[in-house]
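Take a look at the structure set out below.
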Amino acid sequence: MPEGNAYYAEPGRLQAGARQIDQISALAQEIVHEFVSAVNLTRDWPGTDDSYAKEVLPQEKKEREAALDTGLALSKAVVGVADGTMSNLSNILSTQSGVLDSIRSSSRGGNGNGGKH
């Protein structure tokens, strides 16, 4: 969050948030897997080759595939958010490290006037 001309970040909170996002992603993947398993148990309920099956199965298959595609897309989106959060965290930590190194260097007299401004 911006504070004046500075940028403030809490890496620990970002890491915790990324872990929670990963847990949500794992849960979403588990839900998709359970959905597929449950639907496969009912796949043949309308029959397989009679007139009713020929009428119902194409629509059932279309709806099943659409639900699966939606679940997979949701899971991929959550994974993308987690990956983006971890990438941002890496950039923040790198920036913090560089700034701290510069401060240490400056305090050891790296600015040419004995560390005094």
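In this text, all values refer to a predicted model and were calculated from it rather than measured experimentally. Quick note: residue numbers are just sequence positions, from 1.
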Distance-minimising heavy-atom pair for Ala9 and Pro11: O-CD, 3.3 Å
Spacing of NZ belonging to Lys54 relative to OG1 belonging to Thr48, to within rounding of 0.5 Å: 9.5 Å
Distance, nearest 0.5 Å, that separates CG of Asp83 from CE of Met86: 9.0 Å
N-O pairing of Arg19 and Asp22 below 4.0 Å: no
Nearest heavy-atom neighbours spanning Ala67 and Phe35: CB-CZ, 3.6 Å
Atom pair OG (Ser94) and CG (Leu89), whose distance is rounded to the nearest 0.5 Å: 11.0 Å
Close side-chain approach of Ile21 and Thr85, heavy atoms under 4.5 Å: yes
Ser87 vs Asn91 side-chain heavy atoms within contact, under 4.5 Å: yes
Pairwise distance CG(Asp49) to CG(Asp44) - rounded to 0.5 angstrom: 10.5 Å
Value rounded to 0.5 Å, distance of CG in Asn40 from CZ in Arg64: 6.5 Å
Pairwise distance CD1(Ile103) to CD(Gln96) - rounded to 0.5 angstrom: 10.5 Å
Side-chain (Ser97) to main-chain (Leu93) donor-acceptor, under 3.5 angstrom: no
Ser75: side-chain contact (heavy atoms from CB on, under 4.5 Å) partners, not counting sequence neighbours: Ser25, Ala28, Gln29
ILVMFWY cluster, Leu74 and Leu68 together (side-chain gap under 4.5 Å): no
Nearest heavy atoms of Pro58 and Ala53, plus distance in Å: CD-O, 4.0 Å
Close side-chain approach of Glu63 to Glu60, heavy-atom, < 4.5 Å: no
